[in-house]
Amino acid sequence: MADSSFDVVSKIDRQEVDNALNQASKEVGQRFDFRGTNASVAWSGELGVTIKADTEERAKAALEVFKEKLVKRSISLKALDAGEPRPSGKQYLIACALRQGIDADRARKIAKLIRDEGPKAVQAQIQGDQLRVSGKKRDDLQAVQALLRGADLDVALQFVNYR
């Protein structure tokens, strides 16, 4: 019998993030407490988001609105890397980046976690920005998925190509 396997990836659905951003932008434009603060939420590049407002407090509030919309669209906040508000001219600016993919250090950390705490018959191989986990028993693979879900990793993980 061939080994069963699955891939551990960290991807975000760009369309869902776009929808969340549009909803946040619309709410910031319509809410009473944002009137007259020139608050905005907009894309800056492929995976960047810029939040602007006249005061630091309103910039943080706009960031919270954006986070709320991401959660409603089932996008993990671990994928959002938001900076601190910094003054930029007359406005305060928050630069956010959306993280996608598992970098080499985190991949090694996850592979070591699987090796140390997971079932013995399971192997993890790093393949670019994802991990391939394989083993003879599907129950062992499900145990590894449960282990990774329970682990406090600072990256949003999804499990794909389960066969």
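Values below: every heavy atom of this structure, side chains too, minus hydrogens, waters and symmetry copies. Here, residue 1 is the first one in the sequence, and each next residue gets the next number. Keep in mind the model is a prediction, meaning the values are calculated, not measured.
Applying the ring pair (Phe, Tyr, Trp, His ring centres under 6.0 Å) rule to pairs touching residues 48-91 yields nothing, sequence neighbours excluded. Among pairs with a residue in residues 143-163, those fulfilling salt bridge (Lys or Arg N to Asp or Glu O under 4.0 Å) read R106-D154, at least two apart in sequence or across chains. Pairs engaging residues 124-133 under the side chain to side chain donor-acceptor pair (under 3.5 Å) rule: D7-R132 [sequence neighbours left out]. Sorted by first and then second residue, the side chain to side chain donor-acceptor pair (under 3.5 Å) pairs with a member in residues 75-93 form an empty list; sequence neighbours excluded.
A heavy-atom distance below 4.5 Å is found between the side chains of L80 and L98. Contact check for L141 versus F159: no side-chain heavy atoms found under the 4.5 Å cut-off. When side chains are defined from C-beta on, R14 counts as touching E46, because their heavy atoms get closer than 4.5 Å. Annotation: side chain of V65 is in contact with side chain of R31 (closest heavy-atom distance under 4.5 Å). Considering only heavy atoms from C-beta on, V133 stays 4.5 Å or farther from S5 through its side chain. Under the 4.5 Å side-chain criterion, counting only non-hydrogen atoms from C-beta, V144 is in contact with P119.
The CZ atom of R99 sits 10.5 Å away from the CD1 atom of I12 when rounded to the nearest 0.5 Å. To the nearest 0.5 angstrom, L70 atom CG is 9.0 Å from C96 atom SG.
Remark: side-chain polar atoms of Q158 are paired, donor with acceptor, to backbone N or O of K11 under 3.5 angstrom. For T37 (side chain) and A53 (main-chain N/O), no donor-acceptor pair under 3.5 Å exists by modelled atom type.
Under the side-chain hydrogen bond (donor to acceptor under 3.5 Å, both in side chains) criterion, N19 pairs with Q15, not counting sequence neighbours. A search for salt bridge (charged side-chain N to carboxylate O under 4.0 Å, His left out) contacts involving R115 returns nothing, not counting sequence neighbours. Remark: R73 pairs with E16 by the salt bridge (charged side-chain N to carboxylate O under 4.0 Å, His left out) rule, at least two apart or across chains. With sequence neighbours left out, the salt bridge (charged side-chain N to carboxylate O under 4.0 Å, His left out) criterion links D139 to no other residue. For T50, the side chain to side chain contact (heavy atoms under 4.5 Å, CB included) partners two or more places apart in sequence, or in a different chain, are S44, K52, L93. Every side chain to side chain contact (heavy atoms under 4.5 Å, CB included) that L153 has, sequence neighbours left out, goes to K109, I110, L148, A151, V155, L157. By the ring pair (Phe, Tyr, Trp, His ring centres under 6.0 Å) test, F34 pairs with no residue at all, sequence neighbours left out. K60 pairs by the salt bridge (charged side-chain N to carboxylate O under 4.0 Å, His left out) definition with E56, not counting sequence neighbours.
Of all non-hydrogen atoms in A42 and L21, the two that sit nearest each other are C-CD1, 4.0 Å. Nearest approach of I114 to A124, heavy atoms of both residues: CD1-CB, 4.1 Å. Of all heavy-atom pairs spanning D54 and G36, the tightest one is OD2-O, 3.7 Å. Minimum heavy-atom separation, A59 to I94: O-CD1, 3.5 Å. S40 approaches V28 most closely through the heavy-atom pair N-CG1, 4.3 Å.
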Go through the steps to decide whether K120 and D140 satisfy the test salt bridge (charged side-chain N to carboxylate O under 4.0 Å, His left out), and finish with yes or no.
CA-CA 9 Å; K120 296 299 172 206; D140 289 346; over 6 Å; no
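Under a hydrophobic clustering in which Ile, Leu, Val, Met, Phe, Trp and Tyr are joined whenever their side-chain heavy atoms come within less than 4.5 Å, directly or via other members, V49 and I75 fall into the same cluster. Residues Y162 and I102 fall within the same hydrophobic cluster, defined by Ile, Leu, Val, Met, Phe, Trp and Tyr side chains chained together at heavy-atom separations under 4.5 Å. Criterion: ILVMFWY side-chain heavy atoms under 4.5 Å apart, direct or through other members. Under it, L131 and V9 are not part of a common hydrophobic cluster.
With respect to K69, the side-chain hydrogen bond (donor to acceptor under 3.5 Å, both in side chains) criterion is satisfied by exactly one of E64, Q23, E27: E27.
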